[in-house]
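The chains referred to below are lettered A, B, ... by the order of the sequence lines, with proteins before strands, and numbering in each begins at 1.
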Number of protein chains: 2
Amino acid sequence: MIATRTKDLGQAALWFHALADETRLKIIERLLEGEQCVCDLTEFLQTGQSRLSFHLKTLKDAGLLKDRREGRWIYYSLDDDAISEIGRWLDSFKDKRLKVRPAAPCCD
Amino acid sequence: MIATRTKDLGQAALWFHALADETRLKIIERLLEGEQCVCDLTEFLQTGQSRLSFHLKTLKDAGLLKDRREGRWIYYSLDDDAISEIGRWLDSFKDKRLKVRPAAPCCD
DNA sequence: ACAATGTATCAATAAAAATTGATTAGTCAA
DNA sequence: TTGACTAATCAATTTTTATTGATACATTGT
């Protein structure tokens, strides 16, 4: 269904946009090791608090991260559901790759 | 090695940026079916020639597409090498996911 | 209640990316 | 050679994102 596919593409575009930044990829790479509090990430990334907060929000809004407060600290972690969804989406993409159609001539 | 990893992240960010747009994803989805000439893509996407050309260039610059001229037409296709590279990169990412470290307390 | 700490949010600005229309550059056919 | 056609590129503008510094909010310890 066109509508569904379009919606999927929109969602995928959001995911990819969130991933299209080196700082955010560093965050994710770090979170692969497990949950981290913002203060640790700040130190790890050597960046301003406000800037980090912005990127964390970007990732969270894209559904890639979860956060949880514990006392004054906030811990971020990867959202495993989203990660799997992305994996599934990419697989479905790969599937389409398989059915190659005969070369089309062009423009008519 | 840090330097290498950083370079990889930079490359990945470029890939993801190219993928972070619904129009470009539509192009790729279409190219999964095989090589297409620009005129076909124009019709398929129902968009302006200049705009399409911009997005094709974006994808090509990211190394995701190849093009080839045949007479007055230019055909675009997916660059399989790049696609595999992305796949491998994602797999290496997944691998890191496996070695989960014990939960760190926080900030000291 | 107050001060200190960790983090989000806001407002202003800067930087990057996308859109549009016009122009240019190849290719073909008459 | 001219004209028609396909597609890239350019310039101007608009839109979107990112950065920075300031401020606000929640939590904790005193």
request  = Look at B/Y76 and D/dA8 and indicate whether a side-chain polar atom (N or O) is within less than 4.0 Å of OP1 or OP2.
outcome  = yes
query = Taking CG from B/L45 and P from C/dA18, how many angstroms apart are they, rounded to a whole number?
reply = 15 Å
request  = Could you state the atom-to-atom distance from CG of B/D67 to P of D/dA8 in whole Å?
outcome  = 7 Å
request  = Using the rule that two of Ile, Leu, Val, Met, Phe, Trp, Tyr join whenever any of their side-chain heavy atoms come within less than 4.5 Å, decide whether B/L90 and A/L65 are in one cluster.
outcome  = yes
message = If I take atom CG in residue B/L65 and atom P in nucleotide D/dA7, what distance separates them, rounded to the nearest angstrom?
response = 15 Å
query = With distance as the sole test, does A/R51 use its side chain to make a donor-acceptor pair with the main-chain N or O of A/S53 at under 3.5 Å?
reply = no
query = Among residues 51-61 of chain A, which contact DNA chain D at a heavy-atom distance under 4.0 Å?
reply = A/R51, A/F54, A/H55
remark   = Atom CZ of A/R68 and atom P of C/dA8 are separated, to the nearest Å, by 14 Å
query = When the distance from CD of B/E70 to C1' of C/dG26 is rounded to whole Å, what number comes out?
reply = 15 Å
request  = First locate atom CD1 of B/I83, then atom CG of B/L78, and finally report the distance between them rounded to the nearest 0.5 Å.
outcome  = 5.0 Å
query = Does A/E43 reach the main-chain N or O of A/D40 with its side chain, forming a donor-acceptor pair under 3.5 Å?
reply = no
inquiry  = Measure CG/B/D40 against C1'/D/dA7 and give the value in whole Å, please.
reply    = 14 Å
request  = Please work out if A/G71 contacts a base, only the sugar-phosphate, or nothing of the nucleic acid, heavy-atom cut-off 4.0 Å.
outcome  = sugar-phosphate
Report all interatomic pairs (protein N or O, nucleotide N or O of nucleotides 21-26 of chain D) with separations under 3.5 Å.
from, atom 1, to, atom 2, distance (Å)
D/dG21, O6, A/S50, OG, 2.8

query = B/D21 has an atom CG; how far is it from atom C1' of C/dA16, in whole Å?
reply = 14 Å
query = Quick one: does A/L52's side chain get under 4.5 Å of A/L56's, heavy atoms only?
reply = yes
ask   = Of the nucleotides C/dG6, C/dA18, D/dA7, which one has an atom closest to the side chain of B/W73?
value = D/dA7
ask   = If you round to the nearest 0.5 Å, how far is CZ of A/F44 from CD of A/E29?
value = 6.5 Å
inquiry  = Under the criterion salt bridge (charged side-chain N to carboxylate O under 4.0 Å, His left out), I'd like the reasoning laid out for A/E22 against A/R24: C-alpha separation, chi angles, the key distance, then a yes or no.
reply    = CA-CA 5 Å; A/E22 205 171 321; A/R24 293 197 287 267; over 6 Å; no
query = Atom NE2 of A/H17 to atom P of C/dA16: distance rounded to whole Å?
reply = 14 Å
inquiry  = When you measure from the side chain of A/R30 to the backbone of A/L32, do you find a donor-acceptor pair of N or O atoms at a distance under 3.5 Å?
reply    = no
key: CH2-CD distance between B/W15 and B/E85, expressed to the nearest 0.5 angstrom   = 4.5 Å
